[in-house]
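Scroll down for the structure; my scribbles are underneath it.
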Amino acid sequence: MRLRRLRRAELPVPSAALARFLIGKTLVRIVPGGRMLGRIVETEAYLPHDAACHAFRGITRRNRVLFMERGHAYVYFIYGNHFMLNVCGEKAGVGGGVLLRALEPLQGLDLMRKRRGRVPARDLARGPGRLAQALNVDMRLEGVDLCAAGPLWLGTPLEPVGRIGRSVRIGISKDAHRRLRFYERDNAYVSGSRALCK
DNA sequence: TCACTGATCGTCT
DNA sequence: GACGATCAGTGAG
């Protein structure tokens with residue numbers, strides 16, 4: 001399977017559909033030292049009118065990028081040490097997106113370890129904070145178009161996609177019952193406890 | 001394989 | 001001034 005960038009028109013609306021669509025797709029990060037590439041194996045959707053979504057209370061300085069046209073990168077900083085990488089998932093002005101929670105590293109593992117240290121491949125990008133650290137994602141990448149040539153973009157699958165599972169989202173307190181987390185079943189690079197992988 | 005804890009800081013109330 | 005879409009470390013079972 002040959003790698004090419006995803007076109008914006010290919011991205012389904014709304015964000016819940018996009019979250020499922022992105023499982024098995026690739027994420028490519030270009031840095032001066034080379035290229036990092038991984039399969040997206042776990043995502044979560046954050047919808048408009050969803051109390052857990054940063055867009056819920058309207059536009060603020062922090063979340064304004066989340067209101068961009070789908071396919072742009074929304075990055076935020078949390079818990080004092082972690083960056084989270086999201087893909088905007090709605091029409092411009094609406095506000096909603098997809099959190100990228102885990103990656104199966106395929107290329108550039110040595111570059112990821114420069115950031116993550118000497119950890120097993122399984123732990124390089126298992127979890128949203130680790131994913132961002134491995135790919136050297138921070139606020140500088142906010143607003144980047146993931147459907148255009150640049151430092152970070154979304155690509156077509158390089159391998160077939162397995163069965164997709166679904167569960168409640170991890171680590172949130174508001175609207176916690178919604179089953180908006182998607183993941184590739186039986187994939188060792190997915191985060192979360194066993195109970196969430198049924 | 002859980003459960004719990006501290007670290008750490010930008011953003012919004 | 002409180003809180004959060006997390007992680008690494010520790011300790012118990």
Side-chain angles (χ1 to χ4, degrees), chain A residues 14-23 27 38 40-68 70 72-90 94-105 112-143 146 152 165-184 186-198:
Chain A
S15 297
L18 178 62
R20 192 177 201 287
F21 170 85
L22 287 177
I23 300 295
L27 181 65
I40 298 169
V41 296
E42 182 183 355
T43 62
E44 282 178 0
Y46 288 85
L47 314 179
H49 314 300
D50 165 6
C53 180
H54 287 181
F56 185 63
R57 292 178 187 282
I59 296 186
T60 66
R61 186 169 47 191
R62 179 205 205 191
N63 70 15
R64 62 191 169 79
V65 168
L66 189 53
F67 290 81
M68 292 177 76
R70 68 192 195 280
H72 289 85
Y74 167 58
V75 181
Y76 66 91
F77 183 67
I78 196 168
Y79 294 124
N81 12 291
H82 304 291
F83 293 99
M84 305 280 117
L85 173 60
N86 299 254
V87 181
C88 296
E90 306 287 336
V94 176
V98 176
L99 171 69
L100 302 184
R101 287 196 55 92
L103 227 55
E104 176 181 344
M112 297 182 194
R113 287 205 169 88
K114 280 190 177 178
R115 289 259 151 198
R116 293 278 304 129
R118 298 175 61 82
V119 300
R122 182 169 183 250
D123 292 336
L124 278 174
R126 185 166 54 93
R130 293 162 169 170
L131 183 158
Q133 189 185 20
L135 298 190
N136 197 7
V137 169
D138 59 28
M139 301 313 291
R140 287 173 299 182
L141 290 177
E142 239 214 340
L146 302 175
L152 185 66
R166 185 173 184 174
S167 80
V168 294
R169 293 171 292 184
I170 296 178
I172 59 168
S173 51
K174 304 167 198 158
D175 268 350
H177 65 285
R178 295 188 183 215
R179 297 173 67 239
L180 291 171
R181 170 175 173 263
F182 300 87
Y183 57 94
E184 186 176 47
D186 303 318
N187 186 303
Y189 296 85
V190 170
S191 80
S193 67
R194 258 196 133 94
L196 287 167
C197 293
K198 289 193 160 181

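In this text the structure is predicted, and so the values were computed from the model without any measurement. A note on names: the letters A, B, ... follow the listed sequences, proteins ahead of strands, and every chain is numbered from 1.
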>> By nearest heavy atom, map Glu44(A) and Asp123(A) onto DNA chain C; which one lands nearer the 5' end?
In response: Glu44(A)

Just the table, please: protein N/O against nucleotides 1-4 of chain C N/O, every pair under 3.5 Å.
from   : atom 1 : to       : atom 2 : distance (Å)
dG4(C) : N2     : Tyr79(A) : N      : 3.4

> What are the two closest heavy atoms between Asn63(A) and Ala55(A), and how far apart are they?
Replying inline: ND2-CA, 4.0 Å

>> Under a 3.5 Å threshold, yes or no: a donor from one side chain and an acceptor from the other, between Arg115(A) and Gln133(A)?
In response: no

> Quick one: Ile170(A) CD1 to dC2(B) C1', roughly how many Å, whole number?
Replying inline: 15 Å

> Are the side chains of Glu42(A) and Leu131(A) in touch, meaning some heavy atoms are under 4.5 Å apart?
Replying inline: no

>> As a check on the pairing definition, encode DNA chain B in dot-bracket form, counting Watson-Crick and G-U wobble pairs whose two distances are under 3.5 Å, and using | for partners outside this strand.
In response: |||||||.||||.

> At their closest point, which heavy atom of Pro128(A) faces which heavy atom of Leu99(A), and how far apart are they?
Replying inline: CB-CD1, 4.2 Å

>> Tell me if a side-chain donor or acceptor on Arg169(A) pairs with a main-chain N or O of Asp175(A) at a distance below 3.5 Å.
In response: yes

>> Please tell me if Arg181(A) has a side-chain N or O lying less than 4.0 Å from either OP1 or OP2 of dA5(C).
In response: no

>> Expressed as a whole number of angstroms, how long is the span from Leu131(A):CG to dA5(C):C1'?
In response: 13 Å

> Just how far, in rounded Å, is P of dA8(C) from CZ of Arg118(A)?
Replying inline: 16 Å

>> Tell me the interatomic distance from Leu124(A), atom CG, to dA8(C), atom P, rounded to whole angstroms.
In response: 11 Å

> Does the Arg178(A) side chain pair with the main chain of Ala45(A), one donor and one acceptor, at a distance under 3.5 Å?
Replying inline: no

>> What is the distance, to the nearest angstrom, from the CG atom on Asn63(A) to the P atom on dA5(C)?
In response: 13 Å

> How are the rings of His54(A) and Tyr74(A) set to each other: parallel, tilted or perpendicular (split at 30° and 60°)?
Replying inline: perpendicular

>> Could you check whether any side-chain N or O of Arg20(A) sits under 3.5 Å from a backbone N or O of Phe182(A), counting only pairs where one atom can act as donor and the other as acceptor?
In response: no

>> What is the separation between atom OH on Tyr76(A) and atom P on dA5(C), rounded to the nearest whole Å?
In response: 6 Å

>> Just checking Arg62(A): does its CZ atom have more than 12 heavy atoms from other residues, nucleotides or ligands closer to it than 6.0 angstrom?
In response: yes

>> Closer than 3.5 angstrom, by distance alone: can the side chain of Ser191(A) be matched with the main-chain N or O of Gly127(A) as a donor-acceptor pair?
In response: no

> Heavy-atom contacts under 4.0 Å between residues 95-103 of chain A and DNA chain B, which residues?
Replying inline: none

> Do the non-hydrogen side-chain atoms of Cys53(A) and Leu66(A) ever get within less than 4.5 Å of each other?
Replying inline: yes

>> In this structure, how many angstroms lie between the P atom of dC12(B) and the CD1 atom of Ile59(A), rounded?
In response: 12 Å

> Any side-chain N or O of Arg126(A) under 4.0 Å from OP1/OP2 of dT6(C)?
Replying inline: no

> Roughly, in whole Å, what's the span from CG in Asn81(A) to C1' in dG6(B)?
Replying inline: 10 Å

